[in-house]
Amino acid sequence: MKNLRTISLCVCISLVSLTAVSQNDVPSLNQTDYNKPKLFLAFPEQIIMDAAVVNNILAGSVGTTVDMNIAEGTSFRFAGNIVSAAVKNNDKLISVVVRSTNFNGAILAISKIIHDNGTVSYKGRIISRTHGDVYELQDINGRFVFVKRNYHELINE
């Protein structure tokens, strides 16, 4: 009787393993769409950030309307409403999220970090989930510059 149960269990396990489908053949639920439309097509590859304007945005509170030229040398107006604002670590980290009204719902997420030695750095992005390009804030030779990148380079879907 024990041998019959053991044999039937082995047969069941064998049948299940034979009918199992390999994971490699199953397509991903979220495949990357490389054909998303470009939101910032009319703007240059690099835009130098105007720190004074960004500091004004960072001083805003939730619900504040923003409509400013956030770049030096180009007319890159970003309009929208502040949807999130946070101040942490005794004002050493200030973050703001602005939902755009002029760039089809894009989001500007920017943070100002004051380091222990007194230097200031910024981190941020202008991104839209429905478009194929983003601007990422980078420190290039001591200047903070919005650099145009592809959406799929930053976000894995």
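All values below were derived from every heavy atom in this structure, side-chain atoms included, with hydrogens, water molecules and symmetry-related copies excluded. Everything numeric here is computed off the predicted structure, so don't read it as measured data.
Across Val98, Ile48, Ile57, Asp50, a single residue satisfies side-chain contact (heavy atoms from CB on, under 4.5 Å) together with Ile70, and that is Ile57.
Note that CG of Asn81 and OG1 of Thr65 are 4.5 Å apart. Values are rounded to the nearest 0.5 Å. Atoms CD and CD1, from Gln46 and Ile140 in turn, are 4.5 Å apart once rounded to the nearest 0.5 Å. Atom OG of Ser95 sits about 8.0 Å away from atom CG of Leu58, to the nearest 0.5 Å. Annotation: the span from Lys148 atom NZ to Ile126 atom CD1 amounts to 11.0 Å, rounded to 0.5 Å. Thr64 OG1 to Asn56 CG: the interatomic distance, rounded to the nearest 0.5 Å, is 11.5 Å. To the nearest 0.5 angstrom, Lys123 atom NZ is 9.0 Å from Gln138 atom CD.
Both Ile82 and Leu137 are part of a single hydrophobic cluster, where members link through side-chain heavy atoms under 4.5 Å apart. Residue Phe146 is grouped with residue Val66 when hydrophobic side chains (ILVMFWY) are merged at heavy-atom distances under 4.5 angstrom, including chains of intermediate members. The hydrophobic clustering, which links ILVMFWY residues whose side-chain heavy atoms are closer than 4.5 Å, places Ile110 and Ile113 apart. Put simply, Met49 and Phe78 are part of the same group of oily side chains (I, L, V, M, F, W, Y) that touch within less than 4.5 Å, one to the next. One hydrophobic cluster, built from ILVMFWY side chains closer than 4.5 Å, holds both Val87 and Val96.
For Asn117, the CG atom sits in a packed shell: over 12 heavy atoms of surrounding residues, nucleotides or ligands are nearer than 6.0 Å. Taking a 6.0 Å sphere around CZ of Arg149, one finds it holds more than 12 heavy atoms contributed by other residues, nucleotides or ligands.
For Asp133 (side chain) and Lys38 (main-chain N/O), no donor-acceptor pair under 3.5 Å exists by modelled atom type. Using modelled atom types, one side-chain atom of Ser100 and one backbone atom of Ala79 make a donor-acceptor pair closer than 3.5 Å. Judged by distance alone, with hydrogens and angles left aside, the side-chain atoms of Asp139 form a donor-acceptor pair with the main-chain N or O of Gly142 at under 3.5 Å.
A 4.5 Å side-chain heavy-atom check between Asp116 and Lys92 finds at least one atom pair inside the cut-off. When side chains are defined from C-beta on, Asn104 does not count as touching Ser128, because their heavy atoms never get closer than 4.5 Å. A 4.5 Å side-chain heavy-atom check between Val120 and His115 finds every atom pair outside the cut-off. The side-chain heavy atoms of Met68 and Val54, taken from C-beta on, include no pair separated by under 4.5 Å.
Nearest heavy-atom pair, Thr130 versus Pro37, reported as atom, atom and distance to 0.1 Å: O-CD, 3.8 Å. Phe144 and Ser121 get closest at one heavy-atom pair: CZ-CA, 3.5 Å. Contact record, Asn55 with Tyr122: OD1-OH, 2.9 Å, taken as the closest heavy-atom pair. When all heavy atoms of Ala71 and Phe76 are compared, the closest pair comes out as CB-CB, 4.0 Å. Looking at every heavy atom in both residues, Asp67 comes nearest to Arg77 through O-NH2, 3.0 Å. Scanning all heavy atoms of the two residues, the minimum distance from Arg129 to Lys36 falls at O-NZ, 2.8 Å.
For Phe103 and Tyr135, the ring centers sit 6.0 Å or farther from each other.
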